[in-house]
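What follows is one structure encoded as C-alpha cells, with my remarks underneath.
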Amino acid sequence: MEVKETDFFDQVFKVVRLIPEGRVTSYGAIAKYLGAPTSSRIVGYAMNASHSQKEKVPAHRVLNRNGQLTGKHHFSNPFMMQELLEKENIIIKNDTVQDFNNHYWDPTFELSL
DNA sequence: GTAATGACCTTGG
DNA sequence: ACCAAGGCCATTA
C-alpha cells in the first residue's frame, strides 16, 4: 500500500479540515490531540505533504504556538496565507495573528467536549 | 543503510 | 525572566 503515507498524516489532515472558519490552532495542539505531544514536528511536516493531498487542507489555519505564520512561505505566495486569514476576520500583524488566544481552536477541547 | 533536515514544542540552566 | 539544547517521527539526499 504505497498510497498510504502514514496514519498520522491522515489524522492531521482530518483535524485540520475540521477547523472552523475564523479559528486557528497550533501544531502542538493537533499533535497532542493525536496522542503525540512531542511529535509536533510531524504535524508541521504533514502540512508540507498537504500539497500532495487531493483534498485541500486549510493549512493557513494552522500556526505555531506563537501564533506566527511560520509556513507562509510554503504557500503559493507568502501573502496568500495572510490574506486567507484576514478574510476570516483574523487580524495579522508582522506575520503574527493578533488575538491569537481569542481565535485559538483547541481540538482536544472542542472535539472532546 | 546512514546522515541531515523540517510549516515545532518542552524542559533545563 | 531570558538563552540554549534536546526530542520527536517521517521524508529526502
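Below, chain A is the first sequence line, B the second, and so on; all start at residue 1.
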- Query: Closest approach of A:G22 and A:I90, non-hydrogen atoms and distance?
  - Reply: C-CD1, 3.9 Å

- With sugar-phosphate meaning primed atoms plus P, OP1 and OP2, does A:H60 contact a base, only sugar-phosphate, or nothing at under 4.0 Å between heavy atoms? nothing

- Item | A:H51 NE2: over 12 foreign heavy atoms closer than 6.0 Å | yes

- Query: From the list C:dC8, B:dA7, C:dT11, which nucleotide is the closest neighbour of the side chain of A:H51?
  - Reply: B:dA7

- Task: Tell me whether A:M47 is reachable from A:L18 by hopping between hydrophobic residues (I, L, V, M, F, W, Y) whose side-chain heavy atoms are closer than 4.5 Å.
- Result: yes

- Report the distance from atom CG of A:N77 to atom P of B:dA7, rounded to the nearest whole Å. 17 Å

- To the nearest Å, give me how far apart CD1 (A:I30) and C1' (B:dA7) are. 11 Å

- Rounding to a whole Å, what distance do you find between A:I42:CD1 and B:dA7:C1'? 12 Å

- Taking atom CD of A:Q82 and atom CZ of A:F75, what is their separation to the nearest 0.5 Å? 12.0 Å

- Taking all non-hydrogen atoms of both residues into account, name the closest pair between A:I19 and A:R61 and its distance. O-NH1, 2.7 Å

- Would you say the side chain of A:S26 lies within less than 4.5 Å of the side chain of A:V62, judging by non-hydrogen atoms? no

- Distance, rounded to the nearest Å, where A:N48 contributes CG and C:dC9 contributes C1': 14 Å

- Charged N to carboxylate O under 4.0 angstrom, A:R23 versus A:E88? no

- Using atom NE2 of A:H73 as one end and atom P of B:dA7 as the other, report the distance to the nearest whole Å. 10 Å

- Message: Categorize A:A59 for me: base, sugar-phosphate, or nothing, with a 4.0 angstrom heavy-atom threshold over every strand shown.
- Response: base

- Task: Using a 4.0 Å cut-off on protein heavy atoms (strictly under), produce a 5'-to-3' string for nucleotides 8-13 of chain B with B for base contact, S for backbone-only sugar-phosphate contact, and - for none.
- Result: BS----

- Query: Roughly how far apart, to the nearest Å, are C:dG6 and B:dA4 at atom P?
  - Reply: 14 Å

- Task: Report the nucleotide, chosen from B:dA7, C:dC9, C:dT12, that has the shortest atom-to-atom distance to any side-chain atom of A:Y45.
- Result: C:dT12

- Query: Roughly, in whole Å, what's the span from CD in A:Q11 to C1' in C:dC9?
  - Reply: 15 Å

